[in-house]
Amino acid sequence: MLSCIQPTGDVHLGNYLGALRNWVAGQHEADVFHGIVDLHALTTTVTPDVIGANTLELSAMLFAIGLDPEVATVFVQSHVPEHAQLGWVMECTVSFGELSRMTQFKEKSSRSETDFVSAGLFTYPALQAADIVLYDANEVPVGDDQRQHVEITRDIAIRFNHRFGDTLVVPEAVTPAAGARVMDLADPTSKMSKSSASTNGCVFLLDPPEVVTRKFKRAVTDSDATVAYDRAEKPGVSNLIDILSAASGMSAESIVSSYRQYGPLKSDTAEAVIAVLAPIQARYEELMADRGELARQLRIGADRARTVASATLERVYSAVGLLPG
Ligand code: TYM
């Protein structure tokens with residue numbers, strides 16, 4: 001199993017419910033690899049020194065949510081040079097047309113605050129494909145928004161195998177039943193994202209309880225005043241139901257039958273989220289107090305990751321038939 005996250009700002013509830021929670025759940029069932037993909041963050045970050053600091057904080061967060069460094073391999077992408085090396089081979093196995101159809105590229109390039117849209121933003125899915133196939137991943141636990149990138153990885157792996165013989169494992173995306181697409185509380189037709197216009201609709205894992213309560217209290221619903229699940233007609237209310245379901249384990253049906261008014265639905269959802277976040281926040285503070293230890297854990301992760309990644313790269317070079325060095 002492999003999945004990755006970009007060190008581009010604070011981790012939010014969408015990341016956690018859509019993906020990270022599944023990483024923790026999966027660590028005792030599979031051989032798991034989780035990358036902090038700093039090279040991907042380079043596609044949009046141009047300020048010096050930001051990515052490194054974010055990377056360390058994100059590693060503390062990944063351990064704080066429950067990834068056990070003894071069990072899960074948590075590593076930094078740039079510490080494993082095979083990602084960039086295989087990324088090039090993947091770029092040569094994907095077409096310009098396929099990359100042009102990627103929703104994330106269209107969104108991010110149109111949202112870019114400057115006129116500068118990096119070529120890396122365009123070829124990003126090829127590097128992501130390398131991240132995945134380097135570890136022979138069968139399963140990739142992600143939120144809904146990453147499904148398209150896992151699909152293109154499948155296409156690339158199938159094409160590579162067709163050209164050069166069976167070499168790469170063709171992966172599959174795994175999304176959770178509740179929380180695969182957490183929406184912005186202030187604008188429930190857009191996904192919760194760190195790049196939203198305002199942070200009012202985005203709940204960060206490090207938000208203090210009163211901030212979480214305020215954000216849920218102000219969550220946009222509708223004027224219909226009936227608690228029902230309908231993503232198209234009632235996106236705000238459905239989002240609250242999904243979040244409460246993911247945070248409490250209650251089914252969406254039982255939530256719908258237990259609530260008549262939006263007020264209690266909002267306050268109970270906030271409480272359920274605060275209960276999930278409290279132990280994570282306490283652990284995060286402890287871990288951030290020893291940055292040397294975090295860096296050491298990441299080095300161990302990188303060593304373990306390189307063992308697997310270098311074997312795959314060698315297999316790929318040999319399948320292609322590059323002259324051995
Ligand atoms: P990133 O860093 O944007 O997000 C990390 C994970 O969080 C999920 N996610 C969400 N899930 C539900 N609701 C939301 N509102 C929400 N927002 C984010 C994402 O689906 C993701 O699983 N391209 C990837 C990083 C990546 C990667 C990989 C992922 C690079 N290489 C290889 C998997 C495998 C990204 O930008 O995720």
Side-chain angles (χ1 to χ4, degrees), residues 1-24 26 32-45 51 54-55 58 61-62 65 75-78 80 83-84 86-87 90 102-105 107-108 120-121 123-154 156-157 169 171-196 201-205 231 235 238-239 242-243 246-247 305 309:
M1 184 186 276
L2 167 128
S3 198
C4 303
I5 179 166
Q6 292 195 64
T8 44
D10 293 336
V11 179
H12 57 72
L13 196 60
N15 299 132
Y16 182 68
L17 298 179
L20 304 183
R21 218 163 54 129
N22 267 356
W23 301 7
V24 177
V32 303
F33 293 85
H34 293 300
I36 300 175
V37 285
D38 52 352
L39 298 177
H40 275 102
L42 258 185
T43 57
T44 49
T45 313
I51 298 180
N54 282 348
T55 297
L58 183 51
M61 185 50 87
L62 295 184
I65 61 165
F75 64 93
V76 178
Q77 186 185 33
S78 66
V80 183
H83 286 255
L86 188 63
M90 299 293 96
M102 292 292 110
T103 317
Q104 186 165 302
F105 172 71
E107 276 172 14
K108 287 198 176 174
L121 196 60
T123 59
Y124 180 116
L127 183 58
Q128 180 157 348
D131 300 338
I132 296 171
V133 300
L134 267 179
Y135 300 92
D136 294 332
N138 296 106
E139 293 188 359
V140 186
V142 284
D144 241 7
D145 62 323
Q146 290 299 316
R147 273 191 171 277
Q148 197 184 32
H149 284 164
V150 181
E151 277 305 312
I152 199 173
T153 301
R154 289 173 61 84
I156 295 173
V169 173
E172 224 165 280
V174 181
T175 50
R181 194 168 185 80
V182 177
M183 308 308 279
D184 189 297
L185 299 182
D187 171 15
T189 55
S190 306
K191 71 171 182 189
M192 186 176 283
S193 154
K194 26 202 170 194
S195 47
S196 303
C202 184
V203 177
F204 296 102
L205 298 199
R231 279 233 166 203
S238 305
N239 192 35
D242 267 338
I243 294 173

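In each ligand, atom 1 is the first atom listed, and ligand 1 is the first ligand listed. Treat the numbers as computed from the prediction; the structure is a model and nothing was measured. Counting from 1, the numbers follow the sequence of the chain as shown.
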> Under the side-chain contact (heavy atoms from CB on, under 4.5 Å) test, which residues partner Q104, sequence neighbours left out?
Replying inline: K108, Y124, Q146, H149

>> Strictly distance-based, threshold 3.5 Å: is any side-chain N or O of E139 a donor or acceptor partner for the main-chain N or O of V174?
In response: no

> Which word best sums up how the rings of H12 and F204 line up, parallel for under 30°, tilted for 30 to 60°, or perpendicular for over 60°?
Replying inline: perpendicular

>> Go through it in stages, so that I can follow the logic: the residues are D242 and R181, the test is salt bridge (charged side-chain N to carboxylate O under 4.0 Å, His left out), and I'd like the CA-CA distance, side-chain angles, deciding distance and then a yes or no.
In response: CA-CA 9 Å; D242 267 338; R181 194 168 185 80; over 6 Å; no

>> For a quick check: using heavy atoms under 4.0 Å, what are the residues in contact with ligand 1, sorted by chain and number?
In response: L2, S3, C4, I5, Q6, H12, G14, N15, G18, A19, V37, H40, Y124, Q128, D131, I132, V140, V142, G143, D145, Q146, G179, A180, R181, V182, K191, M192

> Hey, what's the ring geometry for W23 with H34, parallel, tilted or perpendicular (30° and 60° as the breaks)?
Replying inline: parallel

> Do any N or O atoms from the side chain of N239 and from the backbone of M183 form a donor-acceptor pair under 3.5 angstrom?
Replying inline: yes

